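Below: the structure, in C-alpha cells.
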Amino acid sequence: MKRLKSTLAIVLSIVCLLSLLAGCGGNKGSADTLVVAQTSDIISLDPHKTNDSFSSTAIVQIYDCLVDLDTEMNIVPGIATEWYQVDDTTWEFKLREGVKFHNGDELKASDVKFTFDRHIDPETAAPAAFMLSSLESVEIIDDYTVRFHTTEPCASLPYNLTHDDMAILSEKAVTEAGDAYGENPVGTGPFKFVSWTKNQEMVLERFDDYYQGPAALSKIVIRIIPESATAIAELKTGGVDIVLNLSSQYASQFSEGSGLVLEQFPVFTAVYLSFDMRQEPFDNVLVRQAINYAIDKESIIKMAYGGYAEELVGPLPPQVHGASQDLEGYTYDVEKAKELLTEAGYPDGFSTTLYVDTDEVNNKVATVIQSQLKEINIDVQLQVLEWGAFLEQTAQGLPMFLLSWTTVTADADNGMYALFHSSAQGSQGNRTFYANERVDELLDSARAEFDEEARLAMYAEASQIIVDDAAWASLVVKQYLVGMNDKVQGFVPMPTTFFDYYTVSKTE
Amino acid sequence: MKKRKEVVETKLKARNPWAEAWRSLRRNGMAMTGMVILILFILCAIFADVIAPYPMDLQNDQHLLESPSAQHIFGTDEYGRDIFSRIVYGSRISLTVGFIAVVFSVITGGLCGATAGYFGGKLDNVIMRFMDILLAVPSILLAIAIVNILGSNLVNVMIAVGISSIPTYARVVRASVISVRDQEFVESAVAIGDSVPSIILRNIIPNCLAPIIVQATLGVAWAILSCSGLSFLGLGLQPPSPEWGAMLSSGRQYIYDSVWMTIFPGGAIVLLVLSLNVFGDGLRDAFDPKLKK
C-alpha cells in the first residue's frame, strides 16, 4: 500500500512537471510559427459580416480576392489573371485555373457569382456592401470567365474588388455551414482556419495546395492582448513576434540592440473631428470654421501621436488616389476663430459634448481638442463610449465626435462617397449628415468618369467644397507602427492596413 | 459637603470619554503623524488655487514629458501639464469623494442600522437581510455596476462608493444600538414619553458615536481608494479632471520612460490612504475601553 502511494506520488509529480513544460512550449513560438498580437478580437471570419481591421488580420490570410493592390497601389492579378472593360457598364474577369479551396474543391466562376450575389443581397446586410452599390449582377460566361454588370459606369470597381471583404467564398462550404460559416471559413488563401478561442487566440495553419505555392510559415497564431504594455512585454520575452498598431509612447523601446524592430509607415487613415450638421450650433458654417481655426494640429501630433502622424488638410490622406494636393485648408489662428464665433452669434462661446471611443490615442486627441476649444470659450465635455455604442449613436447623430476612416482601396471613391454623399447619411459613413447638391453631383459623376484627369478634377473640386463648408475638422493622417522582433523577415507594410503574412518567414 | 461635590466633578471630568480618547490619541505617535498629514492634505485641497503653480489643465507642447525640475517639481505629463498642480487639485476630488460618500453612507446606513437595532424583531430581520444581500456582492463590483448604470461623473462616483459601503455602517450601528437600547437612560426616556425618532437621535446615536467615527475614518480611506480604482479602470472621472487614479492609469502607458507620471499620483494615494488608516486605527485604540490604562 505504501509502495503504491509513493509510486503514485512519483507519477503525479512527473505529470505535473510535464504539464509545466508543455505550458512553456505552448507559449514560445517555434521557428515557423508567427504570433501576432492585436488589441481586439476578430468579429467574424465571414467577409460579408465584417468591415473592420481586427477581422481583416485573419481574413486576409484565409481568403483571396480577384485582384490585389501592390505596395505602390497598383492593381495586380489575384485569382483573376486578366480583366478588361467590355463596355461602359460591363467588366470581364478571366479566372486562374487550378485555384483550390481549403476543402479541396477547385474555384470556379459559379463561386464568384455566388459570392457577389450573397454580398449584395440585402438579407446578408454586409457592412462593406456600399462599395458594390452599383453592381447589378454577375454573369458566368464559362467556368473561368465572369462578367460584372453595373447599373451605371463604375470606374472604381477594380479598386473596390481589392478590399479583403470582396474575397471569394466557396459556394458549397457557405451553403453547408449556414449560420455557422463565420466560424468555419473556407477560402483559397495561404493559411486555413484551425481554431478560435474567443478573446484569446486564433490559430491558422499553412494550406499546402495554395496556388502560389505553400507559405514559409507553418502556423499563425493571432493573440488578443488589449493592453499595449502587456503586448510589449510579451514581445520582449518572445511570446509574441508582431504587435499591430502600436501606440507611439512605446517607440522608445525599440532602440538599437534591443532585438526589436519598429516598422513605421503612413497609412490611409484620416482622423477627423466632426459634427452632426443638423444640430445647433453646428448647423452654422461659421461655427464649424471657427472650430477649424481653433485647432492646432501640430500640438495634437506632438501630444497624442508622439510625432508619429502628419497634418491632414482635406478629406483624403495625400497618398490616396484622387487626393488633391493643393487644397486651401485652415491654419491655426485663435483670433480669427474668436471673430468667426462672434460673427456667428456666440461671442461668449457655448457648451457641447465631444464623444469618443475607448481607444487610448483617440482619447488623448480629444483631451487636446478640449483644451484648445476652451481658448475660444467653447466648453467641451468628453464622453467615452464603447466602440459598438459609439458607431450606433454617431449614426443617429451626436453633436461632436472623433472618428477616423481608412481608405482601404486607396481610391477616392471609397474615401469620399460614403462620408459625404447625402445618400450615405447615417451608418454607411456620412455621420456628419452632410448634404451638398454640388458635392453629390461631383461624387456621382466621378464614379462614372473614365477619363482619369477629369475624374481627379471632380474629386479636387468636391474636396475643396467640403473643406470650405467645414464639414470636418480634418486632423491628421496616422503613421502606423508595427513592433516586431528581429527574427521576423519579409513583413510588407501596406498603407491599407491589410497585412499578408504569406511573404513572412522567421529566422532562428 | 462642598468638598464632596468637587470630588464628584473631577471624577466626572476624568470620565468624559472624548477627553480621555483625545489624551490617549495624543500619546500615539503614529496616529498623530497620520492626522498631521491628513490636515496638510485638507489644507492643500482648500487652498489649491494658491498652492498650485499652474492651472491643472494648462497644456504646453514645449514641455512634454519632462522629468522633475525646479520649474515643474513633479515633472510634466504627455500634454505638458504640471503634475504637481494636478495632484494638488486632485486632492480636492479625492477628499470630496471620500468625505461626501462616507457622510452619505453613514447617514443612510446609520439610520437603517439604528432602526433595525432599536425595534428588533421582524423589521430588524428585513432590514439586515437586505443589507446581507448588499454585502454578498463585493463592494467594488457593486460600485462598478452602479457607475455603469448611472454614468461616470463626480456625483455618481460618490453615490456608487457611498451605496456600496452602506451595509458596513448599518451593521456597526445596529450592534452598538442593541448594546445601548436596554440601558436605564433609554428606559427613562421611553418612560417620560419621548418620541421614537427623538430617542434614537438624541439618546442612542450619541452613545454609539465612537465606533461610527472609527469606522467612518477608515471608510474615507476606502472610499478614496475605490474612487481612484474606478477612475483607474476608466469608470470614474473623465479627462481632464486630475483624479489620482486616472492620472495613474494614463501614466502607466509611459511607465518605461516617464516614471514620475505614475510615482507621484500613486504616492499621493498611498500617503493619504495610509494616513487615514493610521489615524483611524489610533482612534479605535483611543476609544477602546479595554486598552485604557
Side-chain angles (χ1 to χ4, degrees), chain A residues 226-233 235-236 246-255 258 260 295-307 332 353-375 379-386 389 402 483, chain B residues 54-67 75-83 85-86 89 144 147-157 230-243 245-262:
Chain A
E227 285 269 323
S228 306
T230 318
I232 290 284
L235 187 63
K236 287 182 167 175
L246 202 63
S247 309
S248 62
Q249 61 264 31
Y250 302 104
S252 63
Q253 299 303 301
F254 294 82
S255 54
S258 61
L260 305 178
I295 288 175
D296 179 8
K297 297 175 197 170
E298 205 189 310
S299 274
I300 294 178
I301 292 172
K302 272 196 195 168
M303 292 174 180
Y305 293 93
Y332 174 51
T353 307
L354 170 56
Y355 290 83
V356 63
D357 69 305
T358 51
D359 180 78
E360 275 173 13
V361 179
N362 287 347
N363 271 280
K364 283 185 194 151
V365 176
T367 310
V368 179
I369 289 174
Q370 181 184 39
S371 145
Q372 289 175 351
L373 292 186
K374 209 176 155 194
E375 298 283 312
D379 181 30
V380 179
Q381 296 290 314
L382 294 188
Q383 188 67 50
V384 182
L385 294 176
E386 173 272 322
L402 191 71
Chain B
Y54 301 90
M56 65 170 184
D57 53 359
L58 179 75
Q59 302 184 349
N60 184 342
D61 65 4
Q62 302 304 314
H63 296 278
L64 304 179
L65 297 168
E66 274 180 15
S67 57
T76 62
D77 65 8
E78 75 266 42
Y79 305 107
R81 298 180 299 202
D82 183 55
I83 292 180
S85 306
R86 289 177 67 70
Y89 278 102
I144 288 175
V147 167
N148 257 323
I149 296 166
L150 298 177
S152 41
N153 62 44
L154 186 64
V155 177
N156 292 345
V157 168
L230 286 174
S231 299
F232 185 84
L233 296 173
L235 294 165
L237 283 96
Q238 302 288 319
S241 80
E243 210 288 325
M247 288 172 75
L248 197 61
S249 173
S250 62
R252 188 179 44 143
Q253 300 166 28
Y254 296 89
I255 200 161
Y256 288 113
D257 303 307
S258 318
V259 279
W260 54 89
M261 277 181 70
T262 37

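All chains are named by letter (A, B, ...) in the order of the sequence lines, taking the proteins before the strands, and each is independently numbered beginning at 1. This is a predicted model, so every value here is computed, not measured.
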Minimum heavy-atom distance between B:Y256 and A:I232, given as atom pair plus value: OH-CG2, 3.8 Å
Portion of B:N153 that has a non-hydrogen atom of chain A nearer than 4.5 angstrom: neither
Side chain / backbone / both / neither for A:Q253 at chain B, heavy atoms under 4.5 Å: side chain
Approximate separation, where rounding is to 0.5 Å, of B:N60 CG and A:S371 OG: 10.0 Å
Spacing of CE belonging to A:M303 relative to CG belonging to B:L65, to within rounding of 0.5 Å: 10.0 Å
Interchain contact, A:Q249 with chain B, by part (heavy-atom threshold 4.5 Å): both
A:E298, CD atom: more than 12 neighbouring heavy atoms under 6.0 Å: no
Check: B:Q59 side chain, A:T367 main-chain N or O, donor-acceptor pair, under 3.5 Å: yes
Worked check of side chain to side chain contact (heavy atoms under 4.5 Å, CB included) between B:D57 and A:K374: CA-CA 10 Å; B:D57 53 359; A:K374 209 176 155 194; 3.0 Å; yes
Contacting moiety of A:E227, where chain B heavy atoms sit under 4.5 Å: side chain
Residues, nucleotides or ligands: over 12 heavy atoms within 6.0 Å of A:K236 NZ: yes
A:K364 to B:Y254 six-membered ring, cation-pi geometry met (6.0 Å, 45°): no
